[in-house]
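Numbering starts at 1 and runs along the sequence shown.
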Amino acid sequence: MRKLAYALAPIFLTACAFQVETLDALVDPTKEVPDARDDNDEPGVGNPALDPTPAAPLPEWDSSRPFVAALGNRFAGNIGSTHDLDAPADLAFVYDDGWYTQVEVYARGANGQRVMLSLAVSTVDGTPWLVPGLGFKFRPGQVRNADVWSLGCEGPESGSSQMGTIFADTPYDEEPCEVGVDTEQDPENPDALTVTLAATFDADCPETGDPGEPGGDVGEPGGDDGTDLPDGDGDGDGDLPPPGEGGGEGGAGGDTGTDPGTGGAGPLDVSASFTLVQG
C-alpha cells in the first residue's frame with residue numbers, strides 16, 4: 001500500500017499545474033481560453049482592493065448613558081404667527097438624569113419671532129424611552145412606558161442663552177394635539193441619536209376618552225400607544241419626513257390617517273431635527 005501511495009503522489013502534484021480547457025475550446029482551438037487569473041482585476045472576485053466594503057454594523061446602543069448635549073439641525077413649518085419656516089435650529093438644549101429627559105429646540109422666524117418645540121419624557125419604570133428605532137405618532141400623555149409631553153412656543157427673545165429662559169414672553173404657548181418622533185443611531189457617531197420631532201397644534205384638540213368607555217383611548221391621563229409611521233427607507237422603523245419636506249401646509253411632517261381618535265389626525269404642523277449626544 002505504501003508503494004501505491006508513492007506512485008500516485010506525482011500524479012496529484014502534476015495535476016495542480018494543469019489548466020482545464022472548456023469543451024468549446026477543444027472543439028475550436030482558435031478560441032481564447034479564459035484564465036481565472038484574469039478575474040483578479042474585477043471587483044468581487046478575490047481582490048480586496050477592488051471589492052466594495054460592506055458597512056460595518058453599528059455598536060449596540062447603550063441606554064444607560066445619559067444625553068449630555070443637543071445639537072440643532074433644521075426647524076420647519078407653522079407655529080403661532082410664524083408660517084412656512086425653514087431655518088437652522090440655532091439653539092438646542094437637553095437635560096437627562098436617566099429617568100427624566102427634556103429637550104428644547106429653537107429657531108428664528110423671518111418675522112423676527114423666536115420659536116421653540118420641546119419634548120419631555122418621564123419614564124414610569126426607568127426603562128429608556130428615547131432610543132434608536134422609534135417611528136410613531138401619538139397623543140401626549142401616558143405613552144407606552146412613559147409620561148410624554150410637548151410644548152410649542154413663539155415670542156420675542158429675552159437675550160438669555162440658558163435653557164428655559166430664552167423667551168421674554170410667549171404670546172403663543174400651546175401643547176400639541178399630536179406628536180411624531182423618529183429616532184436613528186447616528187452612523188457617523190454611534191454615541192449620538194438623531195431625532196426628528198414634529199407636532200400638530202389645534203385650538204380644539206380631540207378629547208381623550210376614558211379607557212373604560214367605548215371608543216376611549218389607552219392611557220390616562222391622555223396619551224395612547226401611538227400609530228406607526230410608514231417605513232419610507234425600509235430600515236424596519238417608521239420615518240418622519242425631514243423638516244421642510246413632505247406633509248402639510250408649511251412642509252413639516254406627514255400623515256398616516258384621518259381619524260382623530262387613532263393618533264393619525266391631520267398633517268403635522270411643525271418639526272425640528274436635532275442630535276442628542278451621550279456622555
By side chain to side chain contact (heavy atoms under 4.5 Å, CB included) - contacts of Q113 (at least two apart): T82, N111, E154, P156
Minimum-distance pair of heavy atoms, taken over all atoms of P171 and G155: CD-CA, 3.8 Å
Inter- and intrachain pairs under disulfide (SG to SG under 2.5 Å), touching residues 96-128, at least two apart: none
For T183, side chain to side chain donor-acceptor pair (under 3.5 Å) partners two or more places apart: none
Pairs meeting criterion side-chain hydrogen bond (donor to acceptor under 3.5 Å, both in side chains) with involvement of residues 161-176, two or more places apart: S160-T165, T170-D173
Ring-face cation of R144 near F138 (centre distance under 6.0 Å, axis angle within 45°): no
Pairwise salt bridge (Lys or Arg N to Asp or Glu O under 4.0 Å) hits with a residue in residues 107-134, at least two apart: D90-R108, D90-R114, R108-E157, R114-E157
Separation of L130 CG from T101 OG1 (nearest 0.5 Å): 6.0 Å
T196 and D182: side chain donor to acceptor below 3.5 Å: no
Steps toward side chain to side chain contact (heavy atoms under 4.5 Å, CB included) verdict (V270, F75): CA-CA 8 Å; V270 62; F75 206 115; 3.4 Å; yes
Non-neighbouring partners of T194 that pass side chain to side chain contact (heavy atoms under 4.5 Å, CB included), sequence neighbours left out: E184, D186, T275
E178 side chain to K137 backbone, donor-acceptor under 3.5 Å: no
Those residues that, when tested against A70, pass side chain to side chain contact (heavy atoms under 4.5 Å, CB included) (two or more places apart): A92, V94, L276
With sequence neighbours excluded, residues passing disulfide bond (SG atoms under 2.5 Å apart) with C177: C205
Approximate separation, where rounding is to 0.5 Å, of F201 CZ and I79 CD1: 4.5 Å
Shared-cluster residues of M163, by chain and number - hydrophobic side chains joined below 4.5 Å: L91, F93, Y95, Y100, Y106, M116, L151, I166, F167
Minimum heavy-atom distance between N145 and P128, given as atom pair plus value: ND2-O, 4.4 Å
Pairwise salt bridge (Lys or Arg N to Asp or Glu O under 4.0 Å) hits with a residue in residues 58-73, at least two apart: R65-D191
Pairwise side-chain contact, W149 with V179, heavy-atom cut-off 4.5 Å (strictly under): no
Closest non-hydrogen atom pair between L58 and P187, with its separation: CD2-CA, 3.7 Å
Distance-minimising heavy-atom pair for G152 and L117: CA-CD1, 4.4 Å
Separation between CG of N78 and OG of S271, rounded to the nearest 0.5 Å: 10.0 Å
Value rounded to 0.5 Å, distance of CG in L134 from CG in L229: 10.0 Å
Minimum-distance pair of heavy atoms, taken over all atoms of A199 and P176: CB-CB, 3.7 Å
Which atom of V277 lies closest to which atom of N189, heavy atoms considered: CG1-ND2, 4.5 Å
D239: partners by side chain to side chain donor-acceptor pair (under 3.5 Å), with sequence neighbours left out: none
W61: side chain to side chain contact (heavy atoms under 4.5 Å, CB included) partners, not counting sequence neighbours: S63, F67, V131, P132, Q185, L193, Q278
